[in-house]
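The structure under discussion appears below in the form of structure tokens.
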Amino acid sequence: MPAPIRLRELIRTIRTARTQAEEREMIQKECAAIRSSFREEDNTYRCRNVAKLLYMHMLGYPAHFGQLECLKLIASQKFTDKRIGYLGAMLLLDERQDVHLLMTNCIKNDLNHSTQYVQGLALCTLGCMGSSEMCRDLAGEVEKLLKTSNSYLRKKAALCAVHVIRKVPELMEMFLPATKNLLSEKNHGVLHTSVVLLTEMCERSPDMLAHFRKLVPQLVRILKNLIMSGYSPEHDVSGISDPFLQVRILRLLRILGKGDDDSSEAMNDILAQVATNTETSKNVGNAILYETVLTIMDIKSESGLRVLAINILGRFLLNNDKNIRYVALTSLLKTVQTDHNAVQRHRSTIVDCLKDLDVSIKRRAMELSFALVNGNNIRGMMKELLYFLDSCDPEFKADCASGVFLAAEKYAPSKRWHIDTIMRVLTTAGSYVRDDSVPNLIQLITNSVEMHAYTVQRLYKALLDDISQQPLVQVASWCIGEYGDLLVSGQCEEEEPIQVTEDEVLDVLEGLLVSNLSTPVTRGYALTAIMKLSTRFTSVNRIKKVVSIYGSSIDVELQQRAVEYNALFKKYDHMRPALLERMPIMEKTASNGPTEIVQTNGETEPSVVEAKHPPPVTQPTNQVRTVFSLYIRKNTHLGLEANPNPNIAVITIHASNSTEADMTDFVFQAAVPKTFQLQLLSPSSNVVPALNQGTVTQVIRVLNPQKQQLRMRIKLTYTHKGSAVQDLAEVNNFPPQSWQ
Amino acid sequence: MFMRFLLLFSRQGKLRLQKWFTPLTDREKKKVIRDMMMLVLARPARSCNFLQWRDLKIVYKRWYASLYFCAGLEDHDNELLALEVLHRYVELLDKYFGNVCELDIIFNFEKAYFILDEFLMEGEILETSKVAVGVSLEEADTLQETMEEYMSKPAY
């Protein structure tokens, strides 16, 4: 049989294929040849065939039939075979296939081979894909190699040990003795991998962390030597000596210094030195500075050092290099909660980044800008953010609009300004506004009693211009329905009142009903608005006519409304004025939330910490009281006790706070689906003390006449460390005992 | 730094190297590759080299006109340093092949892996000295050649 074609020959041939089909044909032919060669147990060309198989595997073709052949190659005595065999094992095998365990013996032998490059291959493969069983079997060998004086092997053993620890954390202890003098090594490869190993151990075990704190002086010394040492061609990168090792040491220092005064003090000087002396003209210097900043912010550094760190980030913001600007914004976002004032100083630079061309940078700048808004800078910031909203890509508009609403609600300097801001958002980004903004805005408008005439006038004028943006149209319809009388009587004080007749107003609302641009929801709003005007306008007959027409609408929702309104005109006309009178002021802490669960994605606050919602844990203790927990943001805990009786589920909320600052103005709100009725009683207080020192209790009563699965949407708002926080959560898995 | 994966692919979406530092199923790997290619190849010319994907930071850079180097990092990793890591790998390839281009990596993919395995392991840097990596490769290659001489024909 002729010798199988060589690897490079195959590659060349395959690359001449002009179509996918042609390529597939060549591959199939070659695979068939390779398979028969494998069947013949051909030792000479096994290596060549496996190499070709690996190439074809990279192109996306199946190569599993080569797995055992890799094992045979590994077992061979030839270095070339082993090299390809181990590579094949790493590419084709993983811990899910039982066959990988067959490697264990070979690896064990090779770990003790006389040639260091063979030992190296074994360490590399074990460190790449060693399963837990393999790691358990071979950890002893790795530990032995960690103590060798051969630096080539030592560095590989160190990273292999890291892999073993990641796979089988219980084995960490056995590597402890070997770490004794790792840092006294001169060889940078060993030093670097040792620091990685120490980092891994410290991250996994508080005991190890405490044990290794004594290494801080040694680490500081090594770092100092790197900075002060002269040019070393072997490790130099753009004038900096071994930046990789420097960054790794800084990271380990971060872990060791966190929460520990003594260690933090011991590293203060070196951090200041690195922060001030590192060359910033190239990326590599900035990479080190970046890591230094992260370390300074995480340990207990003195305030001068912290300010230095934030100023470095501020300088990063002005750097020409986009990457550095991006990284600065990301870091500032992380520190804005803890060092708010320092970050505020860079506000104008951050706001300038809103105009950056790069999408990633714009997003970060937007998030950070919202985090920086406060009572003092609201007017200026809002101007910039609204300008951003006007011109940004659609992917940003929803988040930006929500952010603007939130900020406006918290810090509006006046009601007029607030209404104007809302108007601006609705008219410029009206179609991107989230659905749940509409009820929020309506509530806001209702409560701004003195602005009713102004608001309805502005909304009416906006409708005349454009009826395509549904949230705007919905809010406007609602307002006209409520305050149409103010509109027609020209009572606006804030600006020149417009002259408009009842018929003109009704024309506009009827126009919404018939327009193709209006969604069914919008039509509902419009119809209800028209109906309300029957008690505010004199042209009742016209309204009656409109309402009766829609009594036969195809849209069931609209039909139902029209029929009911019709009935109001006929049988219940005496009740009409009372039913349709002005809405009272709605309290924010009121019991009933919206009676429909709105399908939004719930993330409305574009701020620093990601809200992670681990699933609630249910622990039914006995039949009467069931307790379960809900964690929000990892530091707010809601304990829900359900106390079911036949008709009413009584749920008691206990809110506690594990962060180091109090949560003030704490408000808990809940909403349930239509078939339930909810009553929220007064909370015990609205301050949740820090560090779990106390809880806020509140009772919710849920009437569940249809005995349906209880679901609840929860909203928490509070002030924490000076900034406003809002959290949303959905609870879908109340234990059955609480509602059955 | 804990690199989760390193991918090399061409502008036309052809994979040239894949190194995974965490265990993933074949299906998951294919998904990652597809997503990376889609995200990276769609980026406008002068964008920053970082983007967010799921819970990972993605660092990418284009070298040799048409070859993209793309790495996935964990959230707490230093992206700027990751760029240096990618750069170092490129330098090592360059030194080994002498003025490397994409074709070298296509025709000698196994060597690209050997070089990578002397530089990174378990998602971490194994050796920070360019010289040391070069020396190990040279010596290992010599071992291989000796075998081939003995067999008086190239092994593969």
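For chain A, no part of B/H87 is nearby; none of its heavy atoms comes within less than 4.5 Å. Using a 4.5 Å cut-off between heavy atoms, A/K167 touches chain B through its side chain atoms alone. Both the backbone and the side chain of A/L7 come within contact range of chain B, judged by heavy atoms closer than 4.5 Å. Both the backbone and the side chain of A/V284 come within contact range of chain B, each with at least one heavy atom under 4.5 Å from a heavy atom of that chain. With a threshold of 4.5 angstrom between heavy atoms, A/R364 approaches chain B through side-chain atoms but not through N, CA, C or O. For a residue to count as touching a neighbouring chain, one of its non-hydrogen atoms must lie under 4.5 Å from one of that chain's; by this rule A/Y86 does not touch chain B. Residue contact with chain B, scored on non-hydrogen atoms closer than 4.5 Å, involves the side chain of A/R15 exclusively. Both the backbone and the side chain of B/F107 come within less than 4.5 Å of a heavy atom in chain A. Heavy atoms closer than 4.5 Å to chain B are found nowhere in A/V118, neither backbone nor side chain.
Taken from CG in A/N286 to CG in B/L81, the straight-line distance is 12.0 Å, to the nearest 0.5 Å. Remark: B/F50 CZ to A/D358 CG distance equals 10.5 Å, nearest 0.5 Å. A/D236 CG to B/K130 NZ: the interatomic distance, rounded to the nearest 0.5 Å, is 7.5 Å.
Listed in order of number, the residues of residues 112-121 of chain B that approach chain A to under 4.5 Å between heavy atoms are B/Y113, B/F114, B/D117, B/E118, B/M121. Using a 4.5 Å cut-off between non-hydrogen atoms, the part of residues 25-44 of chain B that approaches chain A consists of B/T25, B/R43. Using a 4.5 Å cut-off between non-hydrogen atoms, no part of residues 89-96 of chain B approaches chain A.
In terms of heavy atoms, B/E84 sits closest to A/V237 at OE1-CG1, 3.8 Å. Annotation for A/D242 and B/T128: closest pair OD2-OG1, 2.7 Å, computed over non-hydrogen atoms. Of all the heavy atoms in B/K19 and A/C128, the pair that sits closest is NZ-SG, 4.1 Å. Considering every non-hydrogen atom in both B/N78 and A/V247, the closest pair reads ND2-CG1, 4.1 Å.
Shown are A/H192, A/H163, A/R248; of these, the side chain to side chain donor-acceptor pair (under 3.5 Å) with B/E124 is made only by A/R248.
Judged by distance alone, the side chain of B/N49 and the main-chain N or O of A/N323 form no donor-acceptor pair under 3.5 Å. Side-chain N or O atoms of B/R16 include none that pairs as donor or acceptor with a backbone N or O of A/M58 at under 3.5 Å.
With respect to A/R251 and B/D77, a salt bridge is recorded, a charged nitrogen being found less than 4.0 Å from a carboxylate O.
Applying the side chain to side chain contact (heavy atoms under 4.5 Å, CB included) criterion to A/R325, with sequence neighbours excluded, gives A/K322, A/D356, A/I361.
Counting heavy-atom pairs closer than 4.5 Å to chain B, the top residue among A/Y152, A/Y326, A/Y117 is A/Y117. Options A/I5, A/V50, A/I84, A/L10 differ in how many heavy-atom pairs under 4.5 Å they form with chain B, and the most are formed by A/I84.
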